[in-house]
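Reading through the structure tokens given below for one structure.
One-based numbering, in listed order, for ligands and for the atoms of each. None of the values given here were measured: they were computed from a predicted structure.
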Amino acid sequence: MYIADEVLKDREWISEKIKIGEQMLYLTQKEVISLGLKEENILNLTRDALIAHGTKEYEMPAKIGIHPFKEVFFHAMPAWVPSKMAAGMKWIECYPYNPEKFNLPQTTGLLVMNDVASGCPIALMDSAWITAMRTPAVTVLAAQALHPDAETFGMFGCGVQGIEHVKYVVHVLKKLKKIYIYDIKEAAMDDLIKECQPLIDVEIIKGDNPEMVTKSCEVLSSATIILLDPLAEIKDEWVSKGQTILPCDLNTYFDPVTSRRADKYIVDSKEEHELFAGMGYFPDGLPEIACETGEVIAGVKKGRENKDELIVCSNIGMSVCDVVVGRELLNRALNEGVGVKLPL
Ligand SMILES: NC(=O)c1ccc[n+]([C@@H]2O[C@H](COP(=O)([O-])OP(=O)(O)OC[C@H]3O[C@@H](n4cnc5c(N)ncnc54)[C@H](O)[C@@H]3O)[C@@H](O)[C@H]2O)c1
């Protein structure tokens with residue numbers, strides 16, 4: 001059987017640090033964070049992953065999952081990105097009621113990374129931080145491609161994702177003058193401002209209501225809650241031509257009418273959106289998909305073609321991004337001797 005030289009070279013490098021087949025590296029969330037990946041690093045890694053996806057140089061079957069109750073899911077998210085020698089799988093849950101009921105995050109999970117030559121697991125690490133970082137990276141890279149001159153950005157949902165979106169967006173939308181935020185919880189907005197305003201020069205403004213934020217911003221994103229029945233809090237009549245809407249919460253927060261009437265409905269992964277549609281998350285049907293986010297980032301398909309286009313770009317999350325970030329974390333951890341080696 002033929003194994004490419006670079007795969008064998010990679011195995012050689014890994015085996016200098018860990019006994020492949022006998023051990024794996026375990027990284028806690030604290031250790032993952034301690035490896036020092038900054039927003040610029042995550043943006044570069046995520047861009048590479050999106051380009052690999054857009055140019056079809058990857059393998060990533062649509063998520064499979066289990067659903068112990070209504071509105072909750074666990075997803076298995078495997079991916080292989082050859083350009084990064086990144087092979088692994090994220091196992092993640094989405095429990096929307098966790099914050100209220102258990103004072104726990106909506107999303108927690110683990111990422112397994114594997115040696116490509118032998119297939120052996122070589123690392124297990126927290127994936128909540130990776131998810132919290134690569135998700136805003138995807139949103140803002142799409143914003144940069146679709147609306148680079150935007151002066152206003154609006155964020156609905158000021159939790160884990162909302163906070164990171166605000167931190168990430170200033171790296172790519174260089175003309176931003178104002179960021180509007182909105183959350184049903186006043187305290188979440190206050191916490192976001194407290195954490196983010198000292199870090200960024202752009203003024204962060206607390207929105208009075210969703211309508212005010214929608215009408216004040218060229219680019220909008222939402223990270224609230226994913227439900228089977230859309231909340232449709234953002235009324236279609238508030239949305240105008242020329243806006244760019246980037247939901248992270250699938251079909252929940254914006255009125256689904258907007259996605260259906262948009263000039264372009266772009267998604268990170270057609271297969272993933274079709275899968276969620278099959279699970280019932282698009283009760284009125286999946287809008288017609290123009291192309292994929294990675295294709296726009298890679299320059300394979302056109303994004304915005306004129307300033308009046310209303311564009312909705314829905315990114316539900318792709319494991320190509322997780323394994324590419326995970327591989328960089330693994331490299332750093334092996335180089336720096338971070339983490340605990342556990343016997344297999
Ligand atoms: N697309 C992706 O790749 C991806 C990745 C991770 C999480 N998510 C999704 O993003 C969403 C947010 O995740 P998180 O980790 O930031 O959760 P979180 O619980 O930390 O934050 C969610 C925030 O949304 C607010 N919110 C809830 N309902 C609202 C409403 N109707 N109007 C305004 N605000 C509302 C909550 O008060 C909370 O502050 C979840 O739906 C999650 O599943 C998507």
Side-chain angles (χ1 to χ4, degrees), residues 42 46 49-50 53 60 63 65 71-75 77 79 90 92-109 111 127-142 154-168 180-193 195-196 206-214 220-235 245-255 267-269 272-273 275-276 281 293-294 312-322 325:
I42 303 270
T46 306
L50 287 170
H53 190 262
M60 186 188 77
K63 299 160 187 172
E71 314 275 25
V72 307
F73 56 79
F74 292 73
H75 274 155
M77 300 172 62
K90 185 164 86 168
I92 193 147
E93 57 72 20
C94 179
Y95 271 57
Y97 61 69
N98 266 2
E100 301 300 334
K101 204 164 175 64
F102 300 120
N103 195 26
L104 285 170
Q106 290 195 54
T107 306
T108 57
L111 176 70
S127 70
W129 185 83
I130 297 172
T131 305
M133 297 296 130
R134 64 68 157 150
T135 307
V138 171
T139 300
V140 306
L141 289 168
M155 187 72 223
F156 298 108
C158 298
V160 174
Q161 288 294 338
I163 288 173
E164 296 306 327
H165 273 68
V166 168
K167 289 184 197 165
Y168 272 79
Y180 290 82
I181 57 164
Y182 180 76
D183 197 291
I184 33 167
K185 289 189 192 146
E186 187 87 18
M189 293 194 272
D190 293 336
D191 289 348
L192 183 151
I193 292 176
E195 181 168 343
C196 299
K206 221 195 274 190
D208 299 334
N209 53 58
E211 181 176 0
M212 177 257 201
V213 174
T214 307
L220 293 158
S221 182
S222 58
T224 58
I225 194 166
I226 296 177
L227 299 174
L228 281 161
D229 293 321
L231 289 173
E233 299 259 350
I234 305 300
K235 305 294 167 238
I245 295 173
L246 300 148
C248 299
D249 43 17
L250 207 61
N251 192 37
T252 311
Y253 198 65
F254 287 82
D255 187 336
V267 299
D268 54 356
S269 160
E272 303 290 7
H273 279 72
L275 184 93
F276 275 97
Y281 283 89
T293 310
V312 177
C313 175
S314 167
N315 298 297
I316 190 54
M318 298 198 296
S319 52
V320 288
C321 303
D322 299 307
V325 175

Any idea which protein heavy atom is nearest [atom], and the distance to it?
atom: atom 28 (N) of ligand 1; value: Ile184 CD1, 3.6 Å
atom: atom 15 (O) of ligand 1; value: Val160 CB, 3.6 Å
atom: atom 23 (C) of ligand 1; value: Asp183 OD2, 3.6 Å
atom: atom 21 (O) of ligand 1; value: Gly159 CA, 3.2 Å
atom: atom 19 (O) of ligand 1; value: Gln106 NE2, 2.9 Å
atom: atom 8 (N) of ligand 1; value: Cys248 O, 4.0 Å
atom: atom 5 (C) of ligand 1; value: Thr135 OG1, 3.2 Å

Short list, please: which atoms of ligand 1 are under 4.0 Å from a heavy atom of [X]?
X: Tyr253; result: 30 (C), 31 (N), 32 (N), 33 (C)
X: Asn315; result: 1 (N), 2 (C)
X: Ile226; result: 41 (O), 43 (O)
X: Cys94; result: 43 (O)
X: Glu233; result: 31 (N)
X: Thr131; result: 5 (C), 6 (C)

Backbone or side-chain N or O of [X] under 3.5 Å from ligand 1 N or O:
X: Thr107; result: no
X: Asp249; result: no
X: Leu231; result: no
X: Gly157; result: no
X: Pro99; result: no
X: Arg134; result: yes

Mind checking whether [X] contacts ligand 1 via backbone (N, CA, C, O), side chain (CB onward), both or neither, at a 4.0 Å heavy-atom cut-off?
X: Thr224; result: both
X: Gln161; result: both
X: Phe156; result: neither

State yes or no: are the ring centers of Tyr180 and Phe156 separated by less than 6.0 Å? no

For the residue pair Tyr253 and Tyr182, is the inter-centroid distance of their aromatic rings smaller than 6.0 Å? no

Set out, in order, the CA-CA distance, both residues' side-chain angles and the distance that settles side chain to side chain donor-acceptor pair (under 3.5 Å) for Thr214 and Lys235, then state yes or no. CA-CA 9 Å; Thr214 307; Lys235 305 294 167 238; over 6 Å; no

With Pro96, the side-chain contact (heavy atoms from CB on, under 4.5 Å) member among Thr252, Ile226, Ile225: Ile225

Verify salt bridge (charged side-chain N to carboxylate O under 4.0 Å, His left out) between Asp190 and Lys206, making sure each step is shown before the conclusion. CA-CA 8 Å; Asp190 293 336; Lys206 221 195 274 190; 2.7 Å; yes

Is the shortest heavy-atom distance from the side chain of Thr135 to the side chain of Glu164 under 4.5 Å? no

Above 12 or not: heavy atoms from other molecules or residues under 6.0 Å from CG of Asn103? no

Pairwise distance CD1(Ile42) to CD1(Ile130) - rounded to 0.5 angstrom: 8.0 Å

Distance in Å, Ile245 CD1 paired with Ile234 CD1, rounded so as to fall on 0.5 Å steps: 8.5 Å

Is Pro105 near ligand 1, meaning one of its heavy atoms is under 4.0 Å from it? no

Looking at ligand 1, would Met318 count as a contact under a 4.0 Å heavy-atom criterion? no

Of all heavy-atom pairs between Leu227 and Tyr281, which one has the smallest distance, and what is that distance? O-CD2, 3.4 Å

What are the two closest non-hydrogen atoms of Ala142 and Cys313, and how far apart are they? CB-SG, 4.0 Å

Does the side chain of Asp268 come under 3.5 Å of the side chain of Thr293 through a donor N or O and an acceptor N or O? no

Could I get the full list of salt bridge (charged side-chain N to carboxylate O under 4.0 Å, His left out) partners for Glu71, not counting sequence neighbours? none

Tell me whether Lys63 is salt-bridged to Glu93, with the criterion being a basic N under 4.0 Å from an acidic carboxylate O. no

